[in-house]
Amino acid sequence: MPLVPPSGFRGRFRTDERARAAYAEAAGIYRIVPQAACLPADADDLVRLVRWAADFRVPLVPRGAGSAMPGGNVGDGVVVDLSSMAGPELRVDPHARRARMRAGATLGQLDAAAAPAGLRLPPDPSSSRWATAGGAVSTNAAGARSARYGSVRGWVESVDMVTADGERVELRRGAPASRVATIRRFHEQVAASIRAAADLVARRFPQTRKNAAGYALDAWLRSGDELDLVIGAEGTLGFVTAVEWRLDPAPAERAGLRIALREYGPLPDIVARLRALEATAVELLDRTFLDIVGRHRPDELPAGAGEMGAVLLVELEDDSRDVLAGRVGEALAAARALGLDAEA
């Protein structure tokens, strides 16, 4: 029996086969046909939907642009597409270096709005042209620049969200959240257990630039901000409806390097040296990528590509052209000292 939308729901709620098939897939390999797909009109509509789902025990699957690959944006319940939901207009405050936007607006739109002020959101997911702000927060997204700037976690100042109880709450970094029912339950039933396991979390959680696996218990233990649990939770702790970002000045100068590797032995050493030089981006293209380029764009491969096991693409940035030139020279010297073919 098809699901019936909640009373008063003003957005689109579709149970037809065509819509369900369209939302059965995202960017990854998974295909799960949902019971329905809906697009709430605004936060009030979303609250109405969440309370209806709780009453009737219907699972909800948050979804932004559908550009994530791990499968958190598909499911057999009701897929909730937030990409067109109304919310705050995208506004950039150049003096505070902050931007606020609705969850369904894209990072590409944020880049376009911030660029005239010489600002940017440094984490740069490859899908940023269409990835939504809410999706980036929910997946703790990162991109090529994570080598220097990490994932989006460190750049999120606050989120507005709707909890599983259908309550609205703002989670702001460094500020206590209002004690809505969900926050109260967390502190009464869960928080003490996480704190008691702090030593285990410190020992077992990966010490990496980005970790998007599971809930960020380590980040919450360090900060005490409920915000850190929501970032990377794939929408399982609530629906993000608005995001406030901390922005950073875009460096005036940029340079790129290409470093060829015949085998992977020198890779840890050269990456460590590039990190010491504050390389902005470090991307490895293995033999698979080189073979694809060779088949379709052979004229774009460098000389000697047939002997390469992989290519390291590196980006360096600075406001001073002279300083940048010096760092590029150091990077080239470090690569060549390891016997690697490198060029700027």
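No experiment lies behind these values; they were computed from the predicted model shown. Side chains are part of it too, since the values below use all heavy atoms of this structure and drop only hydrogens, waters and symmetry mates.
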The test is side chain to side chain donor-acceptor pair (under 3.5 Å); show your working for D160 and T241 and say whether it passes.
CA-CA 5 Å; D160 294 354; T241 60; 4.9 Å; no
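- Annotation: R10, atom CZ; neighbour count of heavy atoms from other residues, nucleotides and ligands within 6.0 Å is above 12.
- Distance alone, capped at 3.5 Å, is enough to place a donor-acceptor pair between the R246 side chain and the G154 backbone.
- One N or O on the side chain of R287 and one on the backbone of M308 form a donor-acceptor pair closer than 3.5 Å.
- When the shell of 6.0 Å around CD of E17 is examined, it contains 12 or fewer heavy atoms from other residues, nucleotides or ligands.
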For residues 317-337, please give each side-chain donor-acceptor pair under 3.5 Å, one per line with the distance, not counting sequence neighbours.
| residue | atom | partner | partner atom | Å |
| --- | --- | --- | --- | --- |
| E317 | OE1 | R120 | NH2 | 2.7 |
| E317 | OE1 | T280 | OG1 | 3.3 |
| E317 | OE2 | R120 | NH1 | 3.0 |
| E317 | OE2 | R254 | NE | 3.2 |
| E317 | OE2 | R254 | NH2 | 3.4 |
| D318 | OD1 | S320 | N | 2.9 |
| D318 | OD2 | R327 | NH1 | 3.3 |
| D319 | OD1 | A252 | N | 3.1 |
| S320 | OG | D322 | N | 3.4 |
| S320 | OG | V323 | N | 3.1 |
| R327 | NE | L277 | O | 3.1 |
| R327 | NH1 | E317 | O | 2.7 |
| R327 | NH2 | L277 | O | 2.7 |
| R327 | NH2 | E278 | O | 3.0 |
| R336 | NH2 | A342 | O | 2.8 |

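- Remark: side-chain polar atoms of D225 are paired, donor with acceptor, to backbone N or O of G174 under 3.5 angstrom.
- The number of heavy-atom neighbours closer than 6.0 Å to CZ of F9, taken from other residues, nucleotides and ligands shown, is above 12.
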Which donor-acceptor pairs under 3.5 Å do the side chains of residues 74-86 make with protein atoms, sequence neighbours left out?
| residue | atom | partner | partner atom | Å |
| --- | --- | --- | --- | --- |
| D81 | OD1 | S83 | N | 2.8 |
| D81 | OD1 | S83 | OG | 2.6 |
| D81 | OD2 | Y23 | OH | 2.6 |

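- Between the E244 side chain and the R98 main chain, no donor and acceptor come within less than 3.5 Å of each other.
- Hydrophobic clustering of Ile, Leu, Val, Met, Phe, Trp and Tyr side chains at less than 4.5 Å, counting indirect connections, keeps L237 apart from L227.
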How far apart are the C-alpha atoms of D93 and R100, what are their side-chain angles, what is the distance that settles it, and do they pass the salt bridge (charged side-chain N to carboxylate O under 4.0 Å, His left out) test?
CA-CA 9 Å; D93 182 340; R100 180 170 167 79; over 6 Å; no
